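Side chains are part of it too, since the values below use all heavy atoms of this structure and drop only hydrogens, waters and symmetry mates. Everything numeric here is computed off the predicted structure, so don't read it as measured data.
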Amino acid sequence: MRLSENQKKALRKRFLELVFEKKTAFIKHLADEFNISRQMASRYLSSLVKEGLVKRDGRGRGTSYRLVEVEHSYSGPAGELDENRVWLSEIKPHLERYELPQNVMDICHYGTTEMLNNIYEHAAAQKYYGKVSVNALTVTILVIDDGIGIFRKIKEEFDLAEPRDAIIELSKGKLTTDERHHTGEGIFFASRMMDAFIILSGKLSFQTWRGEDWLLESSKRIEGTAIKMEINRDSDRTEWVDKMIKRAQTT
């Protein structure tokens, strides 16, 4: 069976998605979904391995597959943190090699610099650590600090009853009626721009996934704050980017 170019692109993307999601028996799944033989599906998978997009681990029945991640890490003292310098020297050069759409670059720029700025301005941290990872489907940005913890900081800044209330306020996006209290604004907008957004601090976790917000609690405590942001490489999202551009033009 011969596939059209559009079918080939759809098959390729679906393969990558199933590998990313760590699905089992995806050769059979893809063969059934695209009405092709398992042999043809296997050949497509082998081509992705040869291209360096997918990594094969193990042999025989123990074989597993994963997307190849290209990572870049950076760190430094929080007191000397300059978010624009970090973006220009550590993150932008790593992303530019992938020829990402401009809206995706804008989202990564906004999310990264806002999270780093929060560390410098609010975290009372000694150190920061970051990592940007790119695979065939997504860009993932990780920002960590060893400071006071974002939920505790918002609780104290806004005189809330408990850190849990900070997450509720974050999800509303209304923490910035006072310029002195701008903790949280960048976080809210970044959470709406990204395909996935996770904050871990203390025993609490705030997660945004496909437009839905989740509050989770863990038995393990995380000191400081860890933020993970993920955006699809082919995302066509521009709504929140446009909102931030308009906001910048009026302030």
Side-chain angles (χ1 to χ4, degrees), residues 70-98 100-134 138-154 156-157 166 170 173 175-176 178-201 206 208 222-231 233 235 237-238 240-251:
V70 181
E71 302 177 344
H72 175 67
S73 300
Y74 57 92
S75 61
E80 300 174 9
L81 200 166
D82 181 330
E83 68 270 18
N84 292 312
R85 181 192 62 77
V86 172
W87 167 257
L88 291 173
S89 63
E90 301 286 355
I91 303 169
K92 185 180 179 182
H94 181 72
L95 296 180
E96 283 180 327
R97 70 185 72 174
Y98 298 99
L100 301 172
Q102 187 59 49
N103 67 304
V104 174
M105 286 293 289
D106 290 341
I107 289 170
C108 291
H109 178 208
Y110 180 83
T112 302
T113 54
E114 284 295 322
M115 299 311 105
L116 291 173
N117 178 262
N118 277 338
I119 292 175
Y120 179 76
E121 299 241 348
H122 304 291
Q126 296 298 312
K127 297 179 181 179
Y128 69 91
Y129 166 82
K131 182 169 71 174
V132 55
S133 306
V134 183
T138 64
V139 177
T140 302
I141 297 169
L142 182 67
V143 178
I144 299 173
D145 69 71
D146 62 355
I148 187 175
I150 186 170
F151 303 136
R152 177 183 166 191
K153 176 65 177 180
I154 292 175
E156 294 178 355
E157 191 128 337
L170 270 178
L175 287 180
T176 55
D178 185 335
E179 285 300 319
R180 294 179 300 110
H181 293 158
H182 63 290
T183 304
E185 179 185 63
I187 291 170
F188 172 75
F189 280 106
S191 72
R192 295 314 188 250
M193 292 179 182
M194 298 291 173
D195 289 301
F197 186 91
I198 302 172
I199 306 175
L200 300 171
S201 185
F206 170 61
T208 297
I222 295 178
E223 300 302 327
T225 302
I227 297 178
K228 180 179 179 180
M229 299 172 282
E230 185 176 285
I231 181 75
R233 287 178 56 169
S235 172
R237 185 176 295 113
T238 60
W240 286 97
V241 178
D242 293 341
K243 285 183 179 181
M244 289 310 302
I245 291 174
K246 289 179 181 179
R247 177 177 172 79
Q249 291 173 343
T250 59
T251 56

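Around atom OH of Y120, no more than 12 heavy atoms belonging to other residues, nucleotides or ligands sit under 6.0 Å away.
Listed by chain and number, the residues in a side-chain contact (heavy atoms from CB on, under 4.5 Å) with A196 are W209, E230 (sequence neighbours excluded). Residues satisfying the side-chain contact (heavy atoms from CB on, under 4.5 Å) criterion with A226, sequence neighbours excluded, are I144, L200. Under the rule for a side-chain hydrogen bond (donor to acceptor under 3.5 Å, both in side chains), H94 has no partner lying at least two apart in sequence or in another chain. Listed by chain and residue number, W87, I91, L100, M105, C108, V132, V134, V139 satisfy the side-chain contact (heavy atoms from CB on, under 4.5 Å) test with L95 (two or more places apart in sequence, or in another chain). Residues passing the side-chain hydrogen bond (donor to acceptor under 3.5 Å, both in side chains) test with E223, sequence neighbours excluded: none. In terms of the side-chain hydrogen bond (donor to acceptor under 3.5 Å, both in side chains) criterion, S133 has no residue partners (sequence neighbours excluded). The side-chain contact (heavy atoms from CB on, under 4.5 Å) search around E156 returns I148, R152, not counting sequence neighbours. A search for side-chain hydrogen bond (donor to acceptor under 3.5 Å, both in side chains) contacts involving E96 returns nothing, not counting sequence neighbours.
Side-chain contact check for E114 versus F189: every heavy-atom pair is 4.5 Å or farther apart. Between H109 and K92, the closest side-chain pair of non-hydrogen atoms is not below 4.5 Å. Side-chain contact between T208 and R192 is present, with heavy atoms from C-beta onward closer than 4.5 Å. Contact check for Y128 versus V86: side-chain heavy atoms found under the 4.5 Å cut-off.
Here the shortest heavy-atom pairing between A125 and D146 reads CB-OD1, 3.3 Å. When all heavy atoms of L142 and Y74 are compared, the closest pair comes out as O-OH, 4.4 Å. M193 and R237 get closest at one heavy-atom pair: O-NH1, 2.7 Å. Residues I199 and F197 come closest through the heavy atom pair CG1-CE2, 3.4 Å. When all heavy atoms of S201 and G149 are compared, the pair lying nearest together is OG-CA, 3.3 Å. Nearest heavy-atom pair, A190 versus M115, reported as atom, atom and distance to 0.1 Å: CB-CE, 3.9 Å.
Summarising the geometry, atom CG belonging to L81 is positioned 6.0 Å from atom CD1 belonging to I119; distances are rounded to the nearest 0.5 Å. The distance from the CE atom of M194 to the CE atom of M229 is 5.0 Å, given to the nearest 0.5 Å.
In terms of modelled atom types and a separation under 3.5 Å, the side chain of N103 and the main chain of S235 share a donor-acceptor contact. Judged purely by atom type and a 3.5 angstrom limit, D145 has no side-chain atom pairing as donor or acceptor with the backbone of G224.
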Would you please test V104 and R233 for side-chain contact (heavy atoms from CB on, under 4.5 Å) and show each step? CA-CA 7 Å; V104 174; R233 287 178 56 169; 5.8 Å; no

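With I141 as the partner, the side-chain contact (heavy atoms from CB on, under 4.5 Å) test is satisfied by one option alone out of T112, I231, I227: T112.
A donor and an acceptor atom, one from each side chain of Q102 and D106, are located under 3.5 Å apart.
Applying the salt bridge (Lys or Arg N to Asp or Glu O under 4.0 Å) rule to pairs touching residues 71-83 yields E71-K131, sequence neighbours excluded.
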